[in-house]
Asks: 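Structure below; questions to follow.
Worth knowing before you read on, the calculation uses all heavy atoms, side chains too, and leaves out hydrogens, waters and symmetry mates. Just so we're on the same page: letters track the sequence lines, and every chain starts at 1. In this text the structure is predicted, and so the values were computed from the model without any measurement.
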There are 2 protein chains.
Amino acid sequence: MGKYDCLKLDNQICFPLYACSKGIVKAYKPFLDEIGLTYTQYIAMMVLWEHGEISSKELGNCLYLDSGTLTPVLKTLESKGLITRARSHEDERNLIVALTNSGLALRDRAVDVPAKMSACSSLSQEDAAELYRILRELMKSFA
Amino acid sequence: MGKYDCLKLDNQICFPLYACSKGIVKAYKPFLDEIGLTYTQYIAMMVLWEHGEISSKELGNCLYLDSGTLTPVLKTLESKGLITRARSHEDERNLIVALTNSGLALRDRAVDVPAKMSACSSLSQEDAAELYRILRELMKSFA
DNA sequence: TTGCAATCGATTGAGTACAATTAAATTGTA
DNA sequence: TACAATTTAATTGTACTCAATCGATTGCAA
């Protein structure tokens, strides 16, 4: 037990988390390339597919992203014709993001992505459920 | 059970992983600010503290980072006076990264960081160990 | 030994990501 | 009603991340 053992990469909990996160996002890439989205664009579209219409603020809360990240992502999705960006009539400060027909149609091409991803994972059902539970628990630390 | 339930953010395993990874890196920031490192610089220094001297290639393998990311990080660490960068005499293609005295001395100021971080986590010992085990398992999918 | 494939770091470009600041709109208050 | 405080998206600056490519070096085989 050396004085500096706590600084070894193998003894960190954060590093495998960081590495796995990057690894999974990279694993998504070939599937997301097929539908022309990046991972960040994909999770933004997932929220829109579920909610149909949402303010930029709420979207940022769902994804844990601030306007510095979200603004260029939403402008890109708009330029792809998948969403519309418009100020709210009730409160001009709010930006309302909504799906276009093209954006809604993309859902049918995205619906296979989760299954393709699960097929790549080496986790058992139990470990996946356990991982999900622990990560949810861990997220409370930042909320 | 809707046709598109698999596309809900709440049903993804990747998203909590991605969110937790970002959350933890952000939680490190105040502690790493005290020693003047970013998270990426910190994990690079951890490898050097453990190995003392390593090629850029090996360092990239340890951290799962390619030269596009690593080159500017190492140049920054060099400009801070923490490391040296020099071509190998045996093989001029290899870049050998080594600690300076200043870089080695920084370890004594970094040694408290892991404990400060654990104090921020809401995980039990058991869950932390379980998380570690599952993430290691998951990483096999990308290796 | 000469030519070619492989290796390695550096560079470039696109896309995140976050902190800090700015500007516009709204709300609360005197 | 003026005006301060708050809220929100956008902008700016710094840093990370990866894919693709390039140039130099090395190793191997004809």
Side-chain angles (χ1 to χ4, degrees), chain A residues 14-15 18-30 32-33 36-45 54-80 83-97 142, chain B residues 14-15 18-30 32-33 36-45 54-80 83-97 142:
Chain A
C14 180
F15 181 69
Y18 157 89
C20 278
S21 173
K22 288 194 307 169
I24 291 208
V25 168
K26 195 187 295 192
Y28 266 103
K29 189 170 189 316
L32 293 180
D33 279 348
L37 296 179
T38 65
Y39 180 73
T40 312
Q41 292 163 10
Y42 173 64
I43 58 177
M45 290 300 290
I54 195 172
S55 76
S56 175
K57 169 82 170 170
E58 289 175 289
L59 184 55
N61 287 340
C62 290
L63 302 178
Y64 306 96
L65 294 174
D66 70 1
S67 66
T69 304
L70 217 43
T71 296
V73 169
L74 295 178
K75 285 184 176 176
T76 302
L77 289 174
E78 185 185 38
S79 75
K80 289 177 192 282
I83 65 167
T84 57
R85 294 164 66 251
R87 293 287 171 176
S88 164
H89 296 304
E90 292 79 26
D91 188 337
E92 292 279 340
R93 291 171 303 184
N94 288 347
L95 185 74
I96 306 298
V97 184
F142 325 124
Chain B
C14 181
F15 182 69
Y18 157 88
C20 278
S21 173
K22 288 195 306 170
I24 291 207
V25 169
K26 197 187 294 190
Y28 266 104
K29 190 173 186 317
L32 293 181
D33 279 348
L37 295 179
T38 65
Y39 180 73
T40 311
Q41 292 163 10
Y42 172 64
I43 57 176
M45 290 301 290
I54 196 172
S55 74
S56 175
K57 171 77 172 176
E58 288 174 291
L59 183 54
N61 288 341
C62 290
L63 302 177
Y64 304 97
L65 294 174
D66 71 1
S67 67
T69 304
L70 218 42
T71 296
V73 168
L74 295 179
K75 284 184 176 177
T76 302
L77 290 175
E78 184 185 38
S79 75
K80 290 177 192 282
I83 64 167
T84 57
R85 294 164 67 250
R87 294 287 173 172
S88 165
H89 296 304
E90 291 79 27
D91 187 338
E92 293 280 340
R93 291 171 302 185
N94 287 349
L95 185 76
I96 306 298
V97 184
F142 324 125

Asks: Among C:dG9, D:dT25, C:dA25, find the nucleotide with the atom closest to the side chain of B:R87.
Replies: C:dG9
Asks: Checking only heavy atoms, does the side chain of B:R93 share a donor-acceptor pair with the base of D:dT25 at less than 3.5 Å?
Replies: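 Pair found.
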Asks: Between D:dA9, D:dT26, D:dT17, spot the one nearest the side chain of B:D91, thanks.
Replies: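 Closest nucleotide to the B:D91 side chain: D:dT26.
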Asks: Mind checking if A:T40 touches a base, just sugar-phosphate, or nothing, with heavy atoms under 4.0 Å?
Replies: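 Touches sugar-phosphate only.
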Asks: Could you state the CG-C1' distance from A:L32 to C:dA14, rounded to the nearest angstrom?
Replies: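 A:L32 atom CG is separated from C:dA14 atom C1' by 16 Å.
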Asks: Compare every heavy atom of B:L77 with every heavy atom of B:A44, then report the nearest pair and how far apart it is.
Replies: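 The pair with the smallest heavy-atom distance is CB-CD1, 4.1 Å.
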Asks: What's the NZ-P distance between A:K75 and C:dT16, to the nearest Å?
Replies: 14 Å
Asks: Base, sugar-phosphate, or nothing: which does A:D66 touch, judged by heavy atoms less than 4.0 Å apart?
Replies: base
Asks: Grab the OH-P distance between B:Y28 and C:dC18 for me, whole Å please.
Replies: 17 Å
Asks: Of all heavy-atom pairs between B:Y18 and A:I43, which one has the smallest distance, and what is that distance?
Replies: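 Looking at all heavy atoms of both residues, the shortest contact is CE2-CD1, 3.8 Å.
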Asks: Could you check how far CD of A:E78 sits from C1' of D:dA9, rounded to whole Å?
Replies: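 The distance from CD of A:E78 to C1' of D:dA9 comes to 14 Å, rounded to the nearest Å.
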Asks: By nearest nucleotide on DNA chain C, pick out whichever of A:E92 and A:T38 is the more 5' one.
Replies: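 On the 5' side of the pair lies A:T38.
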Asks: C:dT11, D:dT11, D:dT26: which one has an atom nearest the side-chain heavy atoms of B:T71?
Replies: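 Between C:dT11, D:dT11, D:dT26, the one nearest the side chain of B:T71 would be C:dT11.
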Asks: Start at the 5' end of DNA chain D and walk down; is the nucleotide closest to A:G68 or to B:Y64 reached first?
Replies: A:G68
Asks: How far does CG of B:L63 sit from OG1 of B:T40, to the nearest 0.5 angstrom?
Replies: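 Going from the CG atom of B:L63 to the OG1 atom of B:T40 covers 9.0 Å.
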Asks: Whole Å only: how far is the CG atom of A:L95 from the P atom of C:dA25?
Replies: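 Those two atoms, CG and P, are 14 Å apart.
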Asks: Hey, does the side chain of A:R87 reach the backbone of A:I96 with a donor-acceptor pair shorter than 3.5 angstrom?
Replies: no
Asks: Tell me whether the OP1 or OP2 atom of D:dC18 has a side-chain N or O from A:K22 closer than 4.0 Å.
Replies: yes
Asks: How is A:E58 classified with respect to the nucleic acid when contacts are heavy atoms under 4.0 Å: base, sugar-phosphate, or nothing?
Replies: nothing
Asks: Rounded to the nearest angstrom, tell me the gap between atom NZ in A:K26 and atom C1' in D:dC16.
Replies: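 Between C1' of D:dC16 and NZ of A:K26: 14 Å.
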Asks: If you compare all heavy atoms of B:I83 against all heavy atoms of B:L74, which two are closest, and at what distance to 0.1 Å?
Replies: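 Distance-wise, the nearest heavy atoms are CD1-O, 3.4 Å.
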Asks: Taking only the side-chain nitrogens and oxygens of B:Y18, find out if one of them lies under 4.0 Å from OP1 or OP2 of C:dA17.
Replies: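 Checking C:dA17 against B:Y18, a side-chain N or O does come within under 4.0 Å of OP1 or OP2.
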Asks: For B:N94, answer base if it contacts any base atom (sugar-phosphate contacts may also be present), sugar-phosphate if it contacts only those atoms, and nothing otherwise; contact means non-hydrogen atoms under 4.0 Å.
Replies: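 Sugar-phosphate, backbone atoms only, no base.
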Asks: Look at B:Q41 and D:dC16 and indicate whether a side-chain polar atom (N or O) is within less than 4.0 Å of OP1 or OP2.
Replies: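 Indeed, a polar side-chain atom of B:Q41 lies that close.
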Asks: Could you measure the distance from the NZ atom of A:K22 to the OG1 atom of B:T69? Nearest 0.5 Å is fine.
Replies: 7.0 Å
Asks: At under 4.0 Å between heavy atoms, what does A:L65 touch on the DNA or RNA strands: base, sugar-phosphate, or nothing?
Replies: sugar-phosphate
Asks: Only pairs with both distances under 3.5 Å count, Watson-Crick or wobble alike; so what is the partner of C:dG9 in this structure?
Replies: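 C:dG9 is paired, partner D:dC22.
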Asks: Looking at every strand, decide which applies to A:V73 at a 4.0 Å heavy-atom threshold: base, sugar-phosphate, or nothing.
Replies: sugar-phosphate
Asks: Can you measure B:Y39 atom OH to C:dC18 atom P for me and round it to whole angstrom units?
Replies: 15 Å
Asks: For DNA chain D, whose closest nucleotide is more 5', that of B:I43 or that of A:L74?
Replies: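 Per heavy-atom nearest nucleotide, the more 5' residue is A:L74.
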Asks: Would you indicate what A:T69 reaches in the nucleic acid, counting non-hydrogen atoms under 4.0 angstrom: base, sugar-phosphate, or nothing?
Replies: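 Since a base atom lies under 4.0 Å of A:T69, the category is base.
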Asks: For B:S67, report the nucleic acid contact type (base, sugar-phosphate, nothing); a contact means any heavy atom under 4.0 Å.
Replies: base
Asks: Which listed nucleotide (C:dA19, D:dT8, C:dG9) is nearest to the side chain of B:K29?
Replies: C:dA19
Asks: Roughly, in whole Å, what's the span from CD1 in B:I83 to P in C:dG9?
Replies: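 It works out to 13 Å between those atoms.
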Asks: Between atom CG of B:N94 and atom NE2 of B:H89, what is the distance when rounded to the nearest 0.5 Å?
Replies: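 The CG atom of B:N94 sits 12.5 Å away from the NE2 atom of B:H89.
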